[in-house]
Amino acid sequence: MPELPEVETVRRGLERLVLGRTILSVEVKVPKMVKTSYQSFLNELPSQRIQAMRRRGKYLIFDFGQLIMISHLRMEGKYLLFTDQVPTNKHFHLFFKLDDGFTLVYQDVRKFGTFDLLSKNQEEAYFTKKKLGPEPTKKAFKYASFERALMRSDKPIKPLLLDQKLVAGLGNIYVDEVLWAAKVHPETPARELSKAAMKRVHDQTITILQLGIEKGGSTIRTYRNALGEDGTMQDYLRVYGKTGQPCPRCASTIEKIKLGGRGTHLCPHCQKR
DNA sequence: TTTACTGTTGCAGT
DNA sequence: AACTGCAACAGTAA
């Protein structure tokens, strides 16, 4: 599922549906997805009460007070909630039985998702170690430090934005949208951007991720009944997945190239190097 | 039947 | 330190 808007949408869904619930039991079909002690995960989660649902970048945080569980959905992780009988499905990997009779299920076709159970006082170090950048908000994402970082890098702007260190939350869809909106070619070495272009990238990152949240995220490969998969952001995408279609701004044909191993959509007229 | 591709990240190799 | 390519995995499309 997830870039930041999709994760935030899942967070809101979970907040509405499982906040205050206590975990009665946990079943894990794929132990390797648990990155911290597996024994502790199984032993300590039962009896934990979900006191808050939080998010940092693309990481979902189940806050139990003293303990936290950090869940990353990677490419295809999803949460589903069932009452009574949970259907059999080979891609259901974790089951959390709750005290209201519901079962929260984690589904992940590719098994890339990760789970970390930490004490809350380890949270800051966890994200510091990953060098996770600021949230893409006006308050946290300061233009001045962003500009300084861009001026120090020769990397193409797109992979630089994708690595989460300058700002948290952009993924392959939204980064293409941001660069199109900012009229910046994704291969442009960061330090070669004009100050005006840097400012546009900064501002559009905030604007477009916020729009994504307002629209409830986007659903590309569709699934049903998973939390947070009723978003409409896909209706607002301008270049992602629009290969061969006219640019909404200038009607040039949208191109798809490969950059840093990722499919990259752009308008060759609006986004010059 | 192969091969390439897919909303991500971390690691091994320079 | 900083970069690149690839692996983790499964499904789909060409």
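Because only heavy atoms are used, hydrogens play no part in the values below, and waters and symmetry mates are left out as well, while side chains stay in.
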Distance, rounded to the nearest Å, where [X] contributes [atom1] and [N] contributes [atom2]:
X        : N     : atom1 : atom2 : result
A/Lys155 : C/dG5 : NZ    : C1'   : 12 Å
A/Met75  : C/dC6 : CE    : C1'   : 13 Å
A/Leu73  : B/dT8 : CG    : P     : 11 Å
A/Leu259 : C/dG5 : CG    : P     : 11 Å
A/Lys131 : C/dC3 : NZ    : P     : 13 Å

Salt bridge check, [Y] against [X]: does any charged N sit closer than 4.0 Å to a carboxylate O?
X        : Y        : answer
A/Glu8   : A/Arg11  : yes
A/Lys58  : A/Glu3   : no
A/Arg273 : A/Glu192 : no

Using atom [atom1] of each nucleotide, how far apart are [N] and [M] to the nearest Å?
N      : M     : atom1 : value
B/dC11 : C/dC9 : P     : 15 Å
C/dC6  : B/dT3 : P     : 15 Å
C/dC3  : B/dT6 : C1'   : 24 Å
B/dT1  : C/dA8 : C1'   : 24 Å

Note, A/Tyr79 side chain near A/Val105 side chain (heavy atom, < 4.5 Å):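 Not in contact.
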A/Ser119 versus A/Gln122, side-chain donor and acceptor atoms under 3.5 Å: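 A/Gln122 vs A/Ser119: donor-acceptor pair found between side chains.
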Contact state string [nucleotides 9-14 of chain C, B base, S sugar-phosphate only, - no protein heavy atom under 4.0 Å]: BBS---
Under 4.0 Å protein heavy-atom contact, by nucleotide of nucleotides 9-14 of chain B - B base, S sugar-phosphate only: BS----
Heavy atoms of other groups near A/Lys195 NZ, more than 12 under 6.0 Å: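 It does not: A/Lys195 NZ has 12 such atoms or fewer within range.
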Atom NZ of A/Lys29: over 12 foreign heavy atoms under 6.0 Å: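 No - once you tally the heavy atoms of other residues, nucleotides and ligands closer than 6.0 Å, there are 12 at most.
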Which part of the nucleic acid, if any, lies within reach of [X] when heavy atoms closer than 4.0 Å are counted: base, sugar-phosphate only, or nothing?
X        : value
A/Gly113 : nothing
A/Lys258 : sugar-phosphate
A/Lys256 : sugar-phosphate

Pairwise distance CD1(A/Ile208) to CG(A/Asp176) - rounded to 0.5 angstrom: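 So the CD1 of A/Ile208 and the CG of A/Asp176 are separated by 10.5 Å.
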Nearest-0.5 Å distance, CZ of residue A/Phe127 to CD1 of residue A/Ile70: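 Here the interatomic distance stands at 4.0 Å.
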Paired and unpaired positions of DNA chain B as dot-bracket, Watson-Crick or G-U wobble under 3.5 Å, | denoting a partner strand: .|||||.|||||||
side-chain contact (heavy atoms from CB on, under 4.5 Å) partner of A/Ile61, chosen from A/Met69, A/Met53, A/Glu123: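 Of the listed options, the one satisfying the test is A/Glu123.
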Parallel, tilted or perpendicular: ring planes of A/Phe115 versus A/Tyr106, cut at 30 and 60 degrees: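 Perpendicular.
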Over all atoms of both residues, closest heavy-atom pair of A/Val178 and A/Val201: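 Where A/Val178 meets A/Val201 most closely, the heavy atoms are CG1-O, 3.8 Å.
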